[in-house]
Amino acid sequence: MTLDAAVVVAGLGPVGGVLAALLGAQGVRTLVVEPNVRPYPKPRAAVLEIESIRLLSLIPGLAPRDAWSVPLIRNGAVGADRRPLFLMTQRARAFGHPQVVRIDQPALETALRAAIAELPSVEVLAGRSVQDVEQSADHVVAVLDDGRRITAQWLVGCDGTSGTVRTRAGIAFTGDTFAQPWLVVDAASTATDDTGVDGTADGNPTVAFVLDPARPAVAMSSPGRRRWEWMLLPGEQPETMVRPETVRELVAPWTDPDRLEVERAAVFTFHARMAQRWRAGRVLLAGDAAHAMPPFAGAGLGMGIRDAGALAWRLREGGDLDAYERERRPDVAATTTLALRIGRVLQTRNPAAALVFRGLARSLNAVPGLKRRLGDRPLPPRRLPRAVAGLLPQAGHVLPNPWVRVAGGPPVRLDDVIGYRWAFLGHGCDPGRVPEAERPGAVHLALDLADPAPGCLAVEDLDGLLRGAAGTVTAVRPDRFLLGVLRPG
C-alpha cells in the first residue's frame, strides 16, 4: 500500500497550522486539507498565554511575534462607569516572552501559512474538505469533497466544533451548550487619541471585565483595535443586537462610534464540551474538535496550540498516542472549570452579588503593593502530573530558556538552538552516553565540557538556569517538558 502522507491534518486554522508546521519541522510528510483558500479575514481569538507563545516561537520561519500580536499591558476589572476596580500592569516576562499577548488571528493564520509554504514535507490542499473517514488496522483514508481518497497513517481533526472528522469517526461530543448568548463586536479605530477600556489614552493593550449587573461585558483595546463582548438581556433577539444602530448605541459610552469601522458583530452561545475520547483508531482530535470552552479565561485557542505541541512529536515517533489524551485532558478540564467560574462571577445580574464582587476587587486594589507584585511576577510554569510525566527525577518540569553561547558564538536563546526536537543536555558529560539520546534528530548539548564528542554542541549557560549534577543528562521533549534526569548506566 502506498501512503499519500504520514499525517493528514483536517483544518488549517491556528491549531491545524501549528500542528502542520511542527510536523513539517520534523520532516514528517504532512497533507493539510482546508476548505478556505485564504484565512478567515475577521478577528476571532483575542489572547494567547506564555506556553502557546513559546510553542509558536519554535516554528521555523514564522513571522516575528510583533507581526501578529502585541503584549498585553493591563488587565483586571472595571465598573459600569469604566473606572478601574482592580487593574494591574503586566511587566512580567517568562522564557524570553510576554506572559500574555493580544493577537490578530488573521495575521497569525497568514504567518502560519507562509511558514508552512517553506516546509518541503508539508502540502496544503486549499478549497477542499474531508467528507468521510475510513479506517483499517494500518492506515486511514480521508475522503474529500471532490471524491479523492487520501491515504495516511494518521488523520487529525482540527476542523472545529462542527467539523466532520469527529462525527465520522463516531466520537461523541459531551457537555453543555449555554443558553446565555453574548454579542461580540470587533472594530478598527481611526482615532489617534482614542482612550482605552480604562479611560487612558496611552494605547497600551488592555483587557477588562466590566462588573455591571445591568449588562455584564468584557472590553479590550489595543492600538487601532477595539473589542467588546456584551451579554444579551432577557428578551433581546440576536438579529436586533447585531444591527448597526444597536451596536452604535452600545459603543457610544466607550468611544465615538464615528471613529470606528465595525468589522464584525455576531451573537454567540458558549460551550463547555469535550470529546468522549480524543482517539478512535487512527483518527485523533485537537483544538475545538476535541474540546470547547467559554471564553472567560481567554484560553480556548491556547489549549488547542498546547494540543498541537503535545501531539506533533508523538505522531512522528508513532509511540503511545493514547498518552496524548491522558496528558492533555486534565489541563483542558481544569481550564474549562476556571472559565466557568469566571463566567459565573462576570455574568451575575444580582445587584447584591455584583456589589460584593466589586467590593472584593476594590479591597484587592487597596492592598499595598499587590498589583505591582502580581504584575512583576511571572506565573509559575505548568508541570505535568506525575501520573503522566513518569517517575524520573524532574519529569514533567519545564526547561528554562536562558541566554546561551554555543561553541563560543554570540548569545542566543536556548530555544533557538534546540527548535522543536528532542534535546539531551549533558552536565559536564557527553549526553550520548545514555541510550535514550539516540532518538533520531535529537540535539546533543554539553555544559561545562571543554572538548565534547563530535556532533555534540558545547553550550555556556549565561544565565545559570541549567544547573544539574555532574555526570547527569537532562532529557527534554520537543514541547519543552522534561522526560527527566538520567544517569549513564
Side-chain angles (χ1 to χ4, degrees), residues 18-28 50-62 64-65 93-97 115 118-119 121 305-306 308-317 381-384 389 392 394-434 436-449 452-468 472-486:
V18 171
L19 179 60
L22 294 178
L23 288 168
Q26 301 174 102
V28 177
I50 181 60
E51 191 173 324
S52 302
I53 300 165
R54 190 182 187 188
L55 280 167
L56 285 165
S57 76
L58 304 182
I59 295 174
L62 185 69
R65 189 182 63 241
R93 295 174 69 87
F95 308 110
H97 304 285
E118 299 301 316
L119 296 170
S121 60
I305 291 177
R306 291 183 185 185
L311 183 56
W313 63 270
R314 288 182 164 99
L315 285 168
R316 180 185 186 277
E317 296 181 1
R382 183 169 63 97
R383 295 180 182 177
L384 300 181
L392 287 171
Q394 298 297 308
H397 288 235
V398 175
L399 180 73
N401 185 29
W403 288 101
V404 298
R405 198 185 307 275
V406 180
V412 293
R413 287 284 183 181
L414 181 61
D415 278 355
D416 296 330
V417 177
I418 297 175
Y420 184 80
R421 53 181 172 169
W422 280 86
F424 293 86
L425 284 71
H427 301 278
C429 68
D430 176 11
R433 295 168 60 194
V434 297
E436 290 83 357
E438 297 304 315
R439 292 175 182 267
V443 60
H444 292 188
L445 308 173
L447 298 159
D448 305 318
L449 190 63
C456 181
L457 302 177
V459 173
E460 179 187 357
D461 177 9
L462 301 180
D463 293 332
L465 299 178
L466 303 176
R467 300 181 184 93
T472 62
V473 176
T474 299
V476 188
R477 301 180 347 183
D479 57 7
R480 293 306 186 266
F481 287 103
L482 302 190
L483 179 69
V485 176
L486 310 169

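Count residues from 1 along the sequence.
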Asker: Specify the closest pair of heavy atoms between Phe481 and Gly396, including all atoms of both residues, with the distance to one decimal.
Answerer: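 Taking Phe481 first and Gly396 second, the nearest heavy atoms are CD2-O, 3.5 Å.
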Asker: For Pro478 versus Leu58, what's the shortest heavy-atom pair and its separation?
Answerer: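 Smallest heavy-atom distance, with atoms named: O-CD1, 3.8 Å.
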Asker: Is there a side-chain contact between Leu55 and Val18 in this structure, where contact means two heavy atoms from C-beta onward sitting under 4.5 Å apart?
Answerer: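 Leu55 vs Val18: side chains apart.
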Asker: Atom CG in Leu465, atom CH2 in Trp403: separation rounded to 0.5 Å?
Answerer: 13.0 Å
Asker: Rounded to the nearest 0.5 Å, what separates atom CH2 in Trp313 from atom CG in Leu311?
Answerer: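 With rounding to 0.5 Å, CH2 (Trp313) is 10.0 Å from CG (Leu311).
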Asker: Measure the shortest side-chain to side-chain distance between Leu399 and Leu414 over non-hydrogen atoms and say whether it is less than 4.5 angstrom.
Answerer: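 Counting from C-beta outward, Leu399 and Leu414 do come under 4.5 Å.
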Asker: Check whether His444 reaches the backbone of Gly455 with its side chain - one donor and one acceptor, N or O, closer than 3.5 Å.
Answerer: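 Judged by distance alone, no pair lies under 3.5 Å.
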Asker: Side-chain contact, heavy-atom cut-off 4.5 Å: Pro431 with Leu445?
Answerer: no
Asker: Taking the side chain as every heavy atom from C-beta outward, state whether Leu384 and Arg477 have any pair of such atoms under 4.5 Å apart.
Answerer: yes
Asker: Which of these, Ile305, Asp415, Asp479, sits in a side-chain contact (heavy atoms from CB on, under 4.5 Å) with Arg54?
Answerer: Asp415
Asker: Atom CZ of Arg439 and atom CD of Glu317: how far apart are they, to the nearest 0.5 Å?
Answerer: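 Arg439 CZ to Glu317 CD: 4.5 Å, rounded to 0.5 Å.
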Asker: To check you understand the geometry: which heavy-atom pair defines the closest contact between Ile53 and Arg65, and what is its length?
Answerer: CG2-CD, 3.9 Å
Asker: Would you give the length of the straight line joining atom CG of Leu483 to atom CH2 of Trp422, rounded to the nearest 0.5 angstrom?
Answerer: 4.5 Å
Asker: May I have the list of side-chain donor-acceptor pairs in residues 19-27 shorter than 3.5 Å, sequence neighbours left out?
Answerer:
{"from": "Gln26", "atom 1": "NE2", "to": "Leu22", "atom 2": "O", "distance (Å)": "3.3"}
{"from": "Gln26", "atom 1": "NE2", "to": "Ala312", "atom 2": "O", "distance (Å)": "3.2"}

Asker: Looking only at heavy atoms, which two atoms of Ala458 and Pro452 are closest? And how far apart?
Answerer: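 It is CB-CG, 3.9 Å.
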Asker: Nearest heavy-atom pair of Val485 and Leu392: which atoms, and what distance?
Answerer: O-CD2, 4.1 Å
Asker: About how many Å separate CD of Glu51 and CZ of Arg382, when rounded to the nearest 0.5 Å?
Answerer: 4.0 Å
Asker: Does some side-chain heavy atom of Pro60 sit less than 4.5 Å from a side-chain heavy atom of Glu118?
Answerer: no
Asker: I need the single residue from Val473, Val476, Asp461 that forms a side-chain contact (heavy atoms from CB on, under 4.5 Å) with Leu425. Which is it?
Answerer: Val476
Asker: Any chance you could measure Phe424, atom CZ, to Arg433, atom CZ, to the nearest 0.5 Å?
Answerer: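 CZ of Arg433 is found 15.0 Å from CZ of Phe424.
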Asker: Donor-acceptor check, side chain of Arg413 to backbone of Asn401, threshold 3.5 angstrom: yes or no?
Answerer: yes
Asker: Taking side chain as C-beta onward, heavy atoms only, is Ser57 less than 4.5 Å from Phe95?
Answerer: no
Asker: Which heavy atom of Pro402 sits nearest a heavy atom of Asp463, and at what distance?
Answerer: CA-OD2, 3.4 Å
Asker: Return yes when atom CZ of Arg405 has more than 12 non-hydrogen atoms of other residues, nucleotides or ligands closer than 6.0 Å, and no otherwise.
Answerer: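 Enclosed.
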